[in-house]
Amino acid sequence: MTNAFFSPEPFPKGNFADDLLRPVKRQPSISPMKVLSVTSEVFPLVKTGGLADVTGSLPKALHRCGVETITLVPGYPAVLRKLGSAPPLLVFDDLLGEQASLLYAHTDGLSLLVLDCPALYSRDGGPYVDAAGRDHSDNWRRFAVLSLAAAELAGGALPGWIPDLVHTHDWQSALTSVYMREMSLPTPVVLTIHNIAFQGQFSACLLPVLGLRPDLYSMDCLEYFGDISYLKGGLRTSDVITTVSPTYAREILTPRFGMGMDGVLDERRSALRGIVNGIDLDIWNPASDPHLPVNYNAASLGRKRANRTALLQEFGLDAEDTGPVFSAVSRLTWQKGMDMLAETADEIIWNGGKLIVFGQGDHAIEQQLTEVARRHPGRMAVRVGYDEPIAHLIHGGSDAIVQPSRFEPCGLTQLYALRYGAVPVVSRTGGLSETIIDANDAAMSARVATGFQFHPVTTEGLRMALRRALHVHQNPKQWARLQNQGMKAQFSWDRSAQQYAAIYASLVHGSGTSAIRGPIRR
Ligand code: ADP
Ligand code: GLC
């Protein structure tokens, strides 16, 4: 499918082989495994949302389980800037007609293979959209090339390193397993669905350009409502499919949440698992966070107040000290229920609270929120933008974080909120339903409540939850208890990484689930 030729010195940085051979602390029952993780974003190099947080932090936790992950990521400008001048490990001379080099770096605790293909990745804007916010028109090619490169690596393109398993994430890398099956590679593949709303749906006319046989346009592989879907191809050809919470794993089997893929998933039900995301406890730690004016922990929660003052100043809100500060750090989209937040903002303000909304997304929702904020000068602020330090300051300075998602595969902001003593107000769906314990009477008296949940997921439901939060906030003792209980909640990666490692082990060392091997035939 493509020819790769190697640089005369295969590992010019000198540390590639060393990194791979580095001794790791192993769990006795799990033998070391080499995993190629294929992703369109990875923190801290390139991030548009939670996917990057997961692909950036899971490898470190897997390392503690005896799994060595190398992450393949496109060479966007931000990634190449971070790498400096790494010489290529190898050059692909024909990835769907593109020439690309493969660079290696070890940075921020991650081993990275970077696919440097300027024609596809060196451009303004974000990983998926141009500077004006429109999808890059050749996303079908950009991510097919990433997937094909991954398949080549699984097939041994890099001398001295063949992964035992490939882990793909979302539609952008889902074609990897399709290419691998076409190359008759036996390597197992795990596909993680982070959000089934994004499916990589393109015209079926592209099949020949993708180097794929016309008969893959079939219900058993890529065909999807008259088009092709990269995600569907991945769902059909991966050994195990995971998603980022057990509740979402159940939800996507239904027409309401499956977004057209519920039938495909139902057929692969026995290969579907839900594993809740963890968080990077070093990066999201109020006791050491460099983005907070004042660090604190559960024992010094009073210090959070100084961050609240800094936050109000940052957003130009009145500094007087009454009422809770509610915030949202989110994509401003229908999925995230940000239109419902706009409709309920008055409730917060009229009851003495303040509201900060920070994010970007749907232009109409940005406008809707901005207009509400205009009615509440000094008490509500909306800022359209994306900025990691500000996101940290918001968690550090807010009393409550609102996340009224209509669907939420896992959600990370509510986990960061818990750790920062900002009480989450969330809808009861997906990962939100299993990471937050609602402050009902029973949970309050058992001292286990960590936030406020509402259901049904409607504007009225959100309004009621906000009223409950405002009411509890008037009782400082109860509020502090909620904060403390939330800060004690355990969302490190350790347990979830062990679950991934166990799935990998079952596939690599036998007893895999429903492996699909060899070229796909109808
Ligand atoms: P999703 O991936 O669906 O957007 P998650 O809750 O899983 O939702 O992850 C969102 C991630 O993106 C979090 O790390 C959050 O802090 C970050 N984020 C969202 N909006 C912004 C923003 N405007 N600026 C900085 N970080 C943001
Ligand atoms: C997606 C989901 C979010 C999840 C994240 C990381 O963006 O929308 O719920 O937390 O991926 O898995």
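Values reported hereafter were calculated over all heavy atoms of this structure, with side chains retained and with hydrogens, waters and symmetry mates removed. In this text the structure is predicted, and so the values were computed from the model without any measurement. In listed order, ligands and their atoms are each counted from 1.
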Between the side chains of [X] and [Y], does any donor sit under 3.5 Å from an acceptor?
X: Y230; Y: Q199; value: no
X: R406; Y: Q335; value: no
X: T450; Y: Q485; value: no
X: S40; Y: Y128; value: yes
X: Q403; Y: T413; value: yes
X: W493; Y: S57; value: yes
X: S229; Y: Q201; value: no

Per [atom], closest listed option by heavy atom ([options]):
atom: atom 7 (O) of ligand 2; options: Q414, K336, R331; result: R331
atom: atom 4 (C) of ligand 2; options: G50, S405, G49, G411; result: G411
atom: atom 21 (C) of ligand 1; options: Y416, Y386, F43; result: Y386

Worksheet item: Do any nitrogen or oxygen atoms of C410 come within less than 3.5 Å of a nitrogen or oxygen of ligand 2?
Response: yes
- Query: R383 side chain to G359 main-chain N or O, any donor-acceptor pair under 3.5 Å?
  - Reply: no
Atom indices of ligand 1 within 4.0 angstrom of [X] heavy atoms, with elements:
X: A391; answer: 25 (C), 26 (N)
X: V329; answer: 20 (N), 21 (C), 27 (C)
X: K47; answer: 12 (O), 13 (C), 14 (O), 17 (C)
X: G411; answer: 6 (O), 7 (O)
X: R331; answer: 1 (P), 3 (O), 4 (O)
X: G359; answer: 23 (N)
X: D387; answer: 24 (N), 25 (C)

Next item on the list: Determine, using heavy atoms of S330 and all atoms of ligand 1, whether some pair is separated by less than 4.0 Å.
Entry: yes
Problem set entry | Close approach, K336 and ligand 1, non-hydrogen under 4.0 angstrom | yes
Shortest protein heavy-atom distance from [atom], along with the residue and atom involved:
atom: atom 15 (C) of ligand 1; value: T413 CG2, 3.6 Å
atom: atom 3 (C) of ligand 2; value: E408 OE2, 3.3 Å
atom: atom 1 (C) of ligand 2; value: H194 O, 3.1 Å
atom: atom 6 (O) of ligand 1; value: L412 N, 2.8 Å
atom: atom 23 (N) of ligand 1; value: G385 O, 2.9 Å
atom: atom 10 (C) of ligand 1; value: G50 N, 3.6 Å

Report the part of [X] (side chain from C-beta onward, or backbone N, CA, C, O) that has a heavy atom under 4.0 Å from ligand 2; answer both or neither where that applies.
X: T192; value: neither
X: N195; value: side chain
X: Q403; value: neither

Value for CG (L470) from CG (D399), rounded to nearest 0.5 Å, stands at 10.5 Å
What atoms of ligand 2 come within less than 4.0 Å of a heavy atom belonging to [X]?
X: V54; value: 6 (C), 12 (O)
X: Q335; value: 8 (O)
X: L51; value: 6 (C)
X: V244; value: 12 (O)

Check: For the residue pair H167 and H169, does the interplanar ring angle fall in the parallel (under 30°), tilted (30 to 60°) or perpendicular (over 60°) class?
Finding: parallel
The residue among T192, I241, V240 that forms side chain to side chain contact (heavy atoms under 4.5 Å, CB included) with R273 is V240
Paired with S173, the side chain to side chain contact (heavy atoms under 4.5 Å, CB included) test is passed by just one of V38, V189, V73, namely V38
inquiry  = Would you say the rings of F358 and Y386 are close, in the sense that their centroids are separated by under 6.0 Å?
reply    = no
Are the aromatic ring centres of W284 and F491 under 6.0 angstrom apart? no
> If you measure every N/O of D53 against every N/O of ligand 1, is any gap under 3.5 Å?
Replying inline: yes
Closest heavy-atom pair, K60 versus G109, reported as atoms and distance to 0.1 Å, is CG-O, 4.0 Å
Just checking, R142 and Y121: is the charged tip under 6.0 Å from the six-membered ring centre and within 45° of the axis?
no
